[in-house]
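Have a look at the structure below, then the notes.
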Protein chains: 2
Amino acid sequence: MPATIRDVAKASGVHVSTVSRAFSAPQLVNAETRAHVLAAAELLGYRPNRAARALITGRTHNIGLIVADIANPFFPPLIKAAESHARGRDYHVFVADTNEDPGVEEELVLALAKQVDGVLLCSPRMSNTQIEQLSREVPLVVVNRPVPGLPAVVMDVAQGARLAMEHLVGLGHREIALLGGPRGSWTNREIRRAATLAARTAGAELVVLGPNAPTEESGSAQAEAVLRAGVSAVLAYNDLMAVGLIDALDHRGVKVPDQISVVGIDDTALSRRTRPMLTTVATPTAAAGRAAVDMLLQHGDDRRTTALVTLQTELVIRDSSGPGPHRTAGPGRRQQPPIDGVASESRE
Amino acid sequence: MPATIRDVAKASGVHVSTVSRAFSAPQLVNAETRAHVLAAAELLGYRPNRAARALITGRTHNIGLIVADIANPFFPPLIKAAESHARGRDYHVFVADTNEDPGVEEELVLALAKQVDGVLLCSPRMSNTQIEQLSREVPLVVVNRPVPGLPAVVMDVAQGARLAMEHLVGLGHREIALLGGPRGSWTNREIRRAATLAARTAGAELVVLGPNAPTEESGSAQAEAVLRAGVSAVLAYNDLMAVGLIDALDHRGVKVPDQISVVGIDDTALSRRTRPMLTTVATPTAAAGRAAVDMLLQHGDDRRTTALVTLQTELVIRDSSGPGPHRTAGPGRRQQPPIDGVASESRE
DNA sequence: TTGAAAGCGCTAACAT
DNA sequence: ATGTTAGCGCTTTCAA
């Protein structure tokens with residue numbers, strides 16, 4: 001039987017309201033009394049029941065974190081950073097996984113609504129309208145997608161995709177495939193838009209393949225389509241698909257980057273572990289998690305401060321991208337100085 | 001302002017207790033009345049407040065999941081499976097990360113205690129005594145370690161380590177290093193015990209290196225020690241360390257498996273993505289997550305059913321293990337039929 | 001500075 | 001089958 005505020009009151013010879021104040025409004029209670037109370041509480045192992053407190057204050061000190069797929073390596077660093085940051089501010093975090101299902105997203109937000117002070121919606125696949133409606137039930141911060149009227153944290157993937165395309169074009173590629181991501185993904189649309197524009201600007205051709213589930217399997221599944229398209233380079237929606245594609249190409253005896261260059265997006269942990277190591281666009285996922293928590297918690301104070309935080313991305317050149325057929329002249333294959341420490345140890 | 005049970009009562013012209021029953025004890029209420037109530041609730045967007053309900057029932061329908069490191073690829077599949085399984089039974093999951101710090105573990109359990117019906121403690125680094133004490137505050141299920149008197153789910157890593165050692169010895173290795181894991185890890189002790197025994201049985205020598213943090217970096221950091229030890233094979237505490245070691249050996253020009261064989265443990269997603277693909281001991285992490293949730297939830301009914309569930313492991317032979325110096329005769333390098341589908345596509 | 005009393009949203013006896 | 005009442009653990013007026 002856990003100790004309640006009443007047990008502490010009895011033990012320290014004061015009224016429950018004094019105990020309450022000793023914990024939640026220390027300045028309203030005599031220092032000596034407070035010391036007594038705290039000592040008694042300590043002795044009894046008393047800890048305030050946050051749920052009971054929430055019932056009256058309306059603040060649960062919990063937040064919800066809803067992601068598309070916990071096992072997708074993109075998310076764990078974000079979850080970890082968000083949880084750690086939230087805990088530092090005395091918030092606990094419910095984590096839930098939608099399995100990329102928009103229907104589950106809504107149900108999850110509604111189910112958590114009463115138990116949290118707000119929800120971080122990461123890479124949602126719902127419509128803007130649905131999201132706006134949900135935000136009337138519980139404060140929402142959207143990650144990886146801007147929603148008009150709501151606070152959001154996004155990564156500048158368009159910038160990343162442009163850098164990736166310029167990198168490929170610079171290497172002499174003129175026929176490039178874009179391995180598209182999931183339907184309903186804002187990130188996917190951004191990438192596509194930026195890649196299309198970059199291709200047009202550079203006079204290159206862009207073949208769009210998709211939409212696809214953002215998994216290794218669907219990356220592999222598109223290998224045939226990539227080969228049929230006759231391109232010399234591929235930009236993938238994420239690292240997972242890039243890796244799946246590389247594997248499938250490998251099994252077909254197609255060499256990366258010798259015959260086909262492949263560039264990923266996200267710079268997840270696996271990009272440094274594959275061979276060849278993956279050239280990819282680094283997205284600051286941990287920073288995004290922390291920023292989203294901050295927005296959610298400060299959002300309580302100044303309401304309707306509908307901010308949009310955009311985090312920068314950068315191109316990390318490793319070994320999966322190499323010279324293309326239209327290469328004219330020039331320097332070594334690196335078009336930019338290596339950004340990542342490990343990349344400089346590439347062995348070719 | 002979210003609708004409360006009173007709003008629904010008013011709207012449907014019945015007393016609040018009837019509304020309550022309509023939701024939590026349907027058989028006690030007239031079907032017609034219930035339909036009315038449910039319709040009114042639907043209209044108002046009413047959802048029972050679980051925290052308020054918990055205050056009186058004592059059951060929160062929440063569980064806590066505490067892991068050593070969310071970003072360690074071992075955990076996401078476990079978290080995902082546990083969360084999904086729990087949600088299927090109408091439970092929400094708090095996830096927290098201790099960063100491998102035993103002090104944080106205790107604080108976390110205590111902080112969550114009042115808000116959950118139980119906590120899944122994954123790979124805890126605390127002492128048994130501490131864990132037992134904590135279990136008086138809140139029901140605990142321990143994963144990856146048996147604790148006397150408490151329900152637990154463990155993997156038979158001893159069996160896995162034995163298989164791995166036999167595999168290496170069978171390949172002709174007689175000097176083998178064990179890359180130890182973190183201090184306080186039961187899994188680490190099990191592996192060490194089993195590996196030591198297997199080495200003795202086979203007349204091989206086992207050099208134990210460690211303890212180490214279970215990270216890629218510390219795997220890399222032990223490369224020198226491995227070379228100095230003059231062994232021809234290494235069994236690592238986990239895939240992460242195995243991969244780190246392979247990388248570091250590679251940078252030194254040492255070929256795996258030609259010069260040194262490396263075997264990991266866990267069969268995380270990365271084991272299939274590294275080159276060479278990692279020979280490793282597969283641990284059923286998703287199953288462990290589900291089993292732990294089941295134990296926690298059923299534990300409520302039949303108390304003190306201190307069960308220990310042990311899940312089997314198996315050796316997955318891929319490309320990072322090869323013939324050793326003492327190889328006598330025999331068949332191709334595969335000592336066992338490949339267990340994993342991908343392994344059969346290994347290209348040598 | 002502290003106590004008394006009301007009540008957050010809900011369930012659980014106990015009546016009827 | 002439904003209404004009444006009390007109260008879960010806590011905070012917060014309002015008095016004193």
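Since the structure is predicted, the reported quantities are computational estimates derived from the model, not experimental observations.
The distance from the OG atom of B:Ser12 to the CG atom of B:Asp7 is 10.5 Å, given to the nearest 0.5 Å. We find the CG-CG distance between A:Asn49 and A:Leu55 to be 9.5 Å, quoted to the nearest 0.5 Å.
Applying the ring-ring contact (aromatic ring centres under 6.0 Å, His included) criterion to B:His61, with sequence neighbours excluded, gives B:Tyr91. Contacts of B:Ala111 classified as side-chain contact (heavy atoms from CB on, under 4.5 Å), with partners at least two apart in sequence or in another chain: A:Arg47, A:His92, B:Glu107. Residues satisfying the side-chain contact (heavy atoms from CB on, under 4.5 Å) criterion with B:Asn128, sequence neighbours excluded, are B:Glu132, B:Arg145, B:Val147, B:Pro148.
Here the P atom of nucleotide C:dA5 and the CD1 atom of A:Ile56 are 16 Å apart, to the nearest Å. In this structure, the CG atom of A:Leu55 is 18 Å from the P atom of C:dA6, given to the nearest Å.
Contact record, A:Gly64 with A:Leu112: CA-CD1, 4.2 Å, taken as the closest heavy-atom pair.
Residue pairs meeting the side chain to side chain donor-acceptor pair (under 3.5 Å) criterion with at least one partner in residues 72-90 of chain A, sequence neighbours excluded, are A:Arg50-A:Asp90, A:Lys80-B:Asp69, A:Lys80-B:Asp97, A:Lys80-B:Asn99, A:Glu83-A:Arg87, A:His85-A:Asp294, A:Arg89-A:Asp294. For residues 114-130 of chain A, every residue pair satisfying the salt bridge (charged side-chain N to carboxylate O under 4.0 Å, His left out) rule, not counting sequence neighbours, is listed here: A:Glu100-A:Arg125. Sorted by first and then second residue, the pairs that involve residues 18-38 of chain B and meet side chain to side chain donor-acceptor pair (under 3.5 Å), not counting sequence neighbours, are B:Ser17-B:Arg21.
Of the residues in residues 5-17 of chain B, those placing a heavy atom less than 4.0 Å from an atom of DNA chain C are B:Ile5, B:Arg6, B:Ser17, in numerical order. Using a 4.0 Å cut-off on heavy atoms, the residues of residues 21-28 of chain B that approach DNA chain D are B:Arg21, B:Leu28, listed by number. Residues of residues 30-40 of chain B having a heavy atom closer than 4.0 Å to DNA chain D, listed by number: B:Asn30, B:Thr33. Of the residues in residues 45-53 of chain B, those placing a heavy atom less than 4.0 Å from an atom of DNA chain C are B:Tyr46, B:Arg47, B:Pro48, B:Asn49, B:Ala52, B:Arg53, in numerical order.
Side-chain N or O atoms of B:Glu105 include one that pairs as donor or acceptor with a backbone N or O of B:Met126 at under 3.5 Å. A donor-acceptor pair under 3.5 Å is formed between the side chain of B:Thr4 and the backbone N or O of B:Arg6. Here the side chain of A:Ser185 pairs no donor or acceptor atom with the backbone of A:Gly181 at under 3.5 angstrom.
Residue B:Thr4 is classed as a sugar-phosphate contact, given heavy-atom separations below 4.0 Å to backbone atoms only.
End-to-end axis angle of the helix from C:dT1-D:dA16 to C:dT16-D:dA1, from C1' rotation axes over five pairs per end: 40° (rounded to 10 degrees).
A 4.5 Å side-chain heavy-atom check between A:Leu108 and A:Leu110 finds every atom pair outside the cut-off. Using a 4.5 Å heavy-atom cutoff, the side chains of B:Leu311 and B:Val154 are not in contact. Between A:Ile63 and A:Phe94 there is no side-chain heavy-atom pair separated by less than 4.5 Å. No side-chain heavy atom of B:Val93 sits under 4.5 Å from any side-chain heavy atom of A:Val95. No side-chain heavy atom of B:Asn144 sits under 4.5 Å from any side-chain heavy atom of B:Trp186. A 4.5 Å side-chain heavy-atom check between A:Met295 and A:Val153 finds at least one atom pair inside the cut-off.
Put simply, chain B comes within 4.0 Å of DNA chain D, heavy atom to any atom, from D:dA1 to D:dG9, going 5' to 3'.
Residue B:Thr18 is the one, among B:Thr18 and A:Thr18, whose nearest nucleotide of DNA chain D lies closer to the 5' end (criterion: closest heavy atom).
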